[in-house]
Amino acid sequence: MPILSAADLDDFIHLVDTRYAGNLTHPEVVAKYYPIEFSYSTQVDQRLSGFSETYYDQQLALYEEISGRKLNQADGELHPVDVPSLLGARNPLGINNVAFISEHVRALSSMLSIACLGDSPKILDLGAGHGLSSEVFAFCGAQVHAIDIDPALSELAMKRSAQRHFGIKRSILNFDDVGTLGDNEYAAAFFFQSLHHCLRPWKLVEALKKKLVEDGVIGFAGEPLQSHYWKAWGLRLDQESLYVARKFGWFESGWSHDFIRDCFEANGFTLKFFSGGHGGGDIGIASSSQKKLDDVTAKAASLGLTERNAQQYSYFTQIGERSLATGKGGYSTKPGHAGGFLCYGPYIKLAPGRHAVEFRLKRDSAGAAAAAPSFVTFDVTSNQGRAEHVQMKFAWDQPKEDILVCEFTLDEPAPDVEARLLVTGGGQWSCSYPVFRALT
């Protein structure tokens with residue numbers, strides 16, 4: 001696994017752009033660089049509350065280290081776009097790859113469908129970008145008010161709307177400007193691959209609450225819900241996020257399910273997660289009306305979408321406590337625990353095909369117990385442990401740290417996939433959360 005620092009990102013981007021035409025998924029790029037281990041010097045204290053200004057300032061400093069610039073969303077969140085060439089395109093992205101576009105439309109339609117909005121609802125499309133989500137909502141009969149910070153994309157969206165008689169209203173606003181919109185006006189506020197650009201989502205939810213009707217909903221899809229990098233929230237450190245942050249200045253954050261739920265609950269909303277999101281991810285629907293949430297849950301069930309509870313996307317431990325001992329989110333054994341499951345989860349659904357799971361495992365050298373031999377059992381199961389897909393057993397008799405990678409094949413879709421790490425013997429153990437990725 002290559003280790004990159006902020007000083008290496010310009011060379012990485014130059015190579016990807018000049019040799020591979022910006023294709024981050026090119027097989028040679030994947031073989032040479034992935035998975036990327038990003039090393040940063042910014043100090044981030046995850047013991048702090050994710051809502052604190054001190055923690056926010058630390059993440060902002062990390063953004064500046066990664067991007068090489070001060071944060072300025074007015075020019076750092078813009079997209080290069082050729083407006084004339086996209087006016088006559090079948091979709092505002094100008095992409096004719098049916099699999100790619102249909103997945104966007106499917107996720108958007110699923111979110112819209114389970115929101116139970118009725119006839120001609122007024123919808124806020126937040127961070128609307130090129131306008132694909134606005135066009136889908138308008139096609140389905142909604143009155144759409146789209147907001148985005150990018151003037152060029154707004155010009156594209158408005159011209160396409162006029163040509164197609166969609167009647168979409170578009171405002172050039174940042175998320176911080178939501179307070180200028182009318183109160184008690186919208187049946188729904190939707191995000192699609194955009195909420196993660198918000199600097200303080202808890203403040204945005206607070207502002208949106210005043211804009212919604214009594215049983216209004218806030219929904220999102222295509223958002224980076226994860227706990228691999230940060231306990232609460234922070235800058236994503238995958239190759240794509242590092243690439244666009246450094247090249248364009250985009251603010252690419254992500255949050256744990258618990259933290260984003262807390263952002264809503266702090267403002268009187270209940271947030272539920274459902275299957276059916278973009279690329280197998282979650283759809284989030286929040287409302288302050290229990291009746292609305294009951295309707296949403298019933299509608300989702302009628303469409304075959306399942307509500308996802310904490311055990312379907314979280315990691316758990318028998319003998320450990322949350323730790324950053326490996327440099328990533330994970331667990332370390334509590335004093336006095338000589339054996340048991342150090343980590344298991346995250347209870348996700350994986351498609352058929354070849355997959356890999358990897359994690360960082362560390363045994364500390366401190367203490368006499370570290371001299372005793374220890375044993376590790378690692379396996380991947382699904383369907384709540386009923387199906388085992390791979391297992392590894394080995395002795396670990398020396399203090400050391402290593403990255404373990406295990407590959408496995410699924411012949412059919414697998415629900416509730418979890419990686420389980422069982423350790424026995426002396427010494428202090430630490431592990432990162434296991435990360436799953438599909439292999440081509």
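Here, residue 1 is the first one in the sequence, and each next residue gets the next number. Keep in mind that what you see is a predicted model, and the values were worked out from it rather than measured.
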Enquirer: Do you see a donor-acceptor pair shorter than 3.5 Å between the side chains of Tyr20 and Glu28?
Expert: yes
Enquirer: Taking side chain as C-beta onward, heavy atoms only, is Tyr33 less than 4.5 Å from Val16?
Expert: no
Enquirer: For the residue pair Ser289 and Glu214, establish whether any side-chain heavy-atom pair is separated by less than 4.5 Å.
Expert: no
Enquirer: Is there a donor-acceptor pair closer than 3.5 Å between any side-chain N or O of Lys211 and the backbone N or O of Glu185?
Expert: no
Enquirer: What closest approach, in Å, do Ala351 and Leu410 show between heavy atoms, and which atom pair accounts for it?
Expert: O-CD1, 3.7 Å
Enquirer: In terms of side-chain heavy atoms, does Thr297 have a donor or acceptor partner in Lys272 at a distance below 3.5 Å?
Expert: yes
Enquirer: Are the side chain of Gln318 and the backbone N or O of Phe341 linked by a donor-acceptor pair below 3.5 Å?
Expert: yes
Enquirer: I want to know whether Phe175 and Phe191 have ring centres closer than 6.0 Å.
Expert: yes
Enquirer: To the nearest 0.5 Å, what is the distance between CD on Glu223 and CD1 on Ile283?
Expert: 12.0 Å
Enquirer: Using side-chain heavy atoms (C-beta onward) and a distance below 4.5 Å, is Phe38 in contact with Gln239?
Expert: no
Enquirer: Tell me if the aromatic rings of Phe408 and His355 count as close, with their centers under 6.0 Å from one another.
Expert: yes
Enquirer: Hey, are Tyr55 and Gln59 close enough side-chain-wise for a donor-acceptor pair under 3.5 Å?
Expert: yes
Enquirer: Would you mind telling me which of Trp429, Phe378, Phe436, Tyr315 makes a ring-ring contact (aromatic ring centres under 6.0 Å, His included) with Phe359?
Expert: Phe378
Enquirer: Do the non-hydrogen side-chain atoms of Lys32 and His26 ever get within less than 4.5 Å of each other?
Expert: no
Enquirer: Suppose the criterion is ring-ring contact (aromatic ring centres under 6.0 Å, His included): which pairs have a residue in residues 80-113, not counting sequence neighbours?
Expert: Phe100-His104, His104-Phe192, His104-His278
Enquirer: Compare every heavy atom of Gln58 with every heavy atom of Thr42, then report the nearest pair and how far apart it is.
Expert: CG2-O, 3.6 Å
Enquirer: Is it true that a side-chain atom of Ser432 and a backbone atom of Arg360 form a donor plus acceptor pair closer than 3.5 Å?
Expert: yes
Enquirer: Looking at side-chain heavy atoms only, is the closest gap between Leu86 and Pro92 below 4.5 Å?
Expert: no
Enquirer: Rounded to the nearest 0.5 Å, what separation is found between the CG atom of Asp379 and the CD atom of Glu388?
Expert: 5.0 Å
Enquirer: Is the closest side-chain heavy-atom distance between Ser113 and Leu303 below 4.5 Å?
Expert: yes
Enquirer: Do the side chain of Arg160 and the main chain of Ala89 share a donor and acceptor less than 3.5 angstrom apart?
Expert: yes
Enquirer: Does the side chain of Phe220 reach to within under 4.5 Å of the side chain of Asp282, using non-hydrogen atoms?
Expert: no
Enquirer: Working to the nearest 0.5 angstrom, can you tell me the gap between Phe190 CZ and Leu108 CG?
Expert: 9.5 Å
Enquirer: Checking Asp238 side chain against Glu240 main chain: does a donor-acceptor pair fall under 3.5 Å?
Expert: yes
Enquirer: Step through the shown structure and confirm whether more than 12 heavy atoms of other residues, nucleotides or ligands are within 6.0 Å of NZ on Lys349.
Expert: no
